[in-house]
Amino acid sequence: MEHNTRAAFIRQMLKDERTIEPSPEFSYKALVKSRQDYDELYRRSIDEPEAFWGQMARETLDWYRPWDAVEEYDFDSDKPFVRYFRGAELNASYNCLDRHLDGPRRNKAALIWQGEPSEEVEVYTYQRLHREVSKAANVLKGLGVKKGDRVVLYLPMIPQLAIAMLACARIGAIHCVVFSGLSAEALKDRIVDSGASVVVTANYGYRSGKILQLKGICDKALEGCPQVKSCVVVRRIEKRTVMEAERDLWWDDLMAGASPVCEPERMESNDPLFVLYTSGSTAKPKGIVHGTGGYLLYATLTMKYVFDLKETDIYWCTADVGWITGHSYLVYGPLANGATSLMFEGVPSYPKHDRFWEVVEKFGVNILYTAPTAVRAMMKEGERWVNGHDISSLRLLGSVGEPITSKAWMWYYSAIGQGRCPIADTWWQTETGGVMITSLPGAVDMKPGSAALPFFGVAPQVLRPDGTEAAPNEGGTLVVSRPWPGMMLGVYQNEAAFKDVYFPVPGRYLTGDGAYRDEDGYFWITGRIDDVINVSGHRIGTAEVESALVSYLQVAEAAVVGCPHPVKGEGIYAYVTVKEGTVINDDLRAKLVGHVRESIGPIATPDVIHFTAALPKTRSGKIMRRILRKIAAQETEDLCDVSTLSEPSVVRDLIRETKRLS
Ligand code: 6R9
């Protein structure tokens, strides 16, 4: 009921009757040139998945040993599982590096790094990157890291992050990247859960002209991690750094003595490549496990098709490598394809609002992959920031992280794409490994605000609460009815969660998103329907923020919901009740905000702290979030059914207080 009204509202907000055809010039040169070609490839991928993925795997990746079976899965049992290319052997770092060294790609730029200070630029050719990765792999081996061991990487957007990831992949260690904006406590939780014995960090980092104390944060985290034997520190900034004897080692010192020859480890296709933590509806983030063969094939193929990759393209994904988008579309996808991937350390608004366009102009970027939150922020600042730069090199734009409204879509299309570049909206998740639903550029017509059609092999469905398929334009739950090679293998150290979270109803993978499909079969994603808030494209679990709030001494109870936000998409709205005798004032409010930032990180900063005397509860004591969401959104005329409330006056008080807060 609630979901349907919300879906209807979002539907109206997103919907735009416009359909935009890709230009004939783009389609002519595109990898998939027409809707007919797409339909044919899609049909084959669904009708004959084994033949399709087998052929793609042979053509796309280099294997040491072929597979015994292409696809095996069970979505129905108590222990659901998925496996691709059983018995096959490969190495991800070999596929991203070594195999490009025989031909002309040897001296091609693999990674171009633009630091936040504009004079700091580094170019790694495939040859140079291969050398650095091999050395780093030997460094890790020297620290005792073996196949299957976990290594936590807490690094900002610097080349050493990509190098360390590939070094892990080379020796079969499982990397576990933690976003460098997360707090000491969040970092500690991830180090403990992953059981890593080595952590790689940087002494400092830059963010919008300010200096991040990464090593200091790491030190605090490591206080709670006695199993960590070594902490390798990249010297990002020449500045005094406290190093702990025995435990802390400088990256540069270790690299200087390392051999540049390291034979890649032969990995079974379903050996984990990495673990990446993401928020869900529990207070504890889940470690999403991705395998080697299936994941790499899916990242490589989606990269090639969704971004219509050409050999000479300069491709820029603005996402941080600390999130899945950076894993699949800044590191693995581009490098496995032998492309040139640009890595940018800065932010769109520093030192001025034209930073993105300065970077596009400086490097002649052809493909730009960014998030709706960045588009909205730039739209707010106005087109004048774009107009001062020659961005005519752009030929394709991508969007990821949250629904893009037709307004933001149209601005991106006209102000940035100058009406010439197709936009590939891409719906996917940490768990899916790669793009699942997209407007394949050149091949399919675009509808602003719609993520469009499934990628090869992907079978999404929109379901009603009773499990039957929704009619066209009817909102429901987005599920996927069969596996795809990029699918997660499981939740790290938590077999039960894979079933409980993703297969609560047997047979289909539950995405956690709401959606509807229009009469042309286009998917429109309406946002999360679980307890996850999407803040600027980052997933924040309401339970995580609540548990941070209640860990503060004076807090009695907390309930956190998302609220509409013009730039972030969703903001964090926290209802808080305090213990007897606590004085409520701005100081307490500031302390609580600070406490949440300390516990999770600045991305979880609450936008509103609403102190109140009581929370609305059902007679059985459940907090009624449906009502809290409506109040936070100031949609209080129609509060639907409040008959189950134990004390209706609580709601009247909350509404009155909200009016005062705004
Ligand atoms: C890749 C990534 C996943 C959640 C997902 C959904 C939202 C991502 C979207 C989108 C609408 C798009 N989402 N892309 N919603 N349109 N193009 O963002 O992974 O961080 O795990 O977030 O983001 O709600 O469920 P992740």
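One-based numbering, in listed order, for ligands and for the atoms of each. Hydrogens, waters and symmetry mates play no part in the numbers below; they use all other heavy atoms, side chains included.
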I'd like to know if the side chain of [X] reaches the main chain of [Y], judged simply by a donor and an acceptor atom lying under 3.5 Å from each other, with no hydrogens or angles considered.
X      : Y      : result
Tyr154 : Leu182 : yes
Thr340 : Ile314 : no
Tyr329 : Val435 : yes

- [ ] Report yes or no: does a heavy atom of Gly401 sit under 4.0 Å from some atom of ligand 1?
- [x] yes

Task: Any Trp428 heavy atom less than 4.0 Å to ligand 1 - done: yes

Open item on the list: Counting only heavy atoms from other residues, nucleotides and ligands, does the tally under 6.0 Å from CZ of Arg420 exceed 12?
Closed with: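 It does: Arg420 CZ has more than 12 such atoms within range.
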
- [ ] Report, as yes or no, whether the 6.0 Å neighbourhood of atom CD on Glu469 holds more than 12 heavy atoms from other residues, nucleotides or ligands.
- [x]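 Counting other residues, nucleotides and ligands, CD of Glu469 exceeds 12 neighbours.
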
Classify the angle between the aromatic ring planes of [X] and [Y] as parallel (below 30°), tilted (30 to 60°) or perpendicular (above 60°).
X      : Y      : value
Tyr38  : Tyr42  : parallel
Phe274 : His175 : parallel
Tyr298 : Phe455 : perpendicular

Considering heavy atoms of the protein only, find what lies nearest to [atom] and give residue, atom and distance to 0.1 Å.
atom                    : result
atom 12 (C) of ligand 1 : Glu402 O, 3.4 Å
atom 22 (O) of ligand 1 : Arg539 CD, 3.1 Å
atom 6 (C) of ligand 1  : Asp513 OD2, 3.1 Å

TODO: Kindly confirm or rule out an N or O of Ser399 lying under 3.5 angstrom from an N or O of ligand 1.
DONE: no

Task: Within-cut-off N or O pair, Thr430 and ligand 1, under 3.5 Å - done: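 Yes, there is a polar N/O contact under 3.5 Å.
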
Check ligand 1 against [X] and write out every atom of the ligand that is under 4.0 Å from a heavy-atom position of the residue.
X      : result
Arg528 : 5 (C), 24 (O), 25 (O)
Val400 : 1 (C)
Thr426 : 9 (C), 12 (C), 14 (N), 17 (N)
Asn534 : 7 (C), 23 (O)
Ile324 : 1 (C), 19 (O)
Ile525 : 11 (C), 15 (N)

Open item on the list: Heavy-atom pairs closer than 4.0 Å: do any link ligand 1 to the side chain of Thr325, the backbone, both, or neither?
Closed with: side chain

TODO: Indicate, as side chain, backbone, both or neither, the part of Pro403 found under 4.0 angstrom from ligand 1 when only non-hydrogen atoms are considered.
DONE: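 Both backbone and side chain.
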
- [ ] Tell me whether the centres of the aromatic rings in Phe75 and Tyr509 are closer together than 6.0 Å.
- [x] no

Open item on the list: Applying the side chain to side chain donor-acceptor pair (under 3.5 Å) criterion to Lys447, which one of Thr19, Asp425, Asp518 satisfies it?
Closed with: Asp518

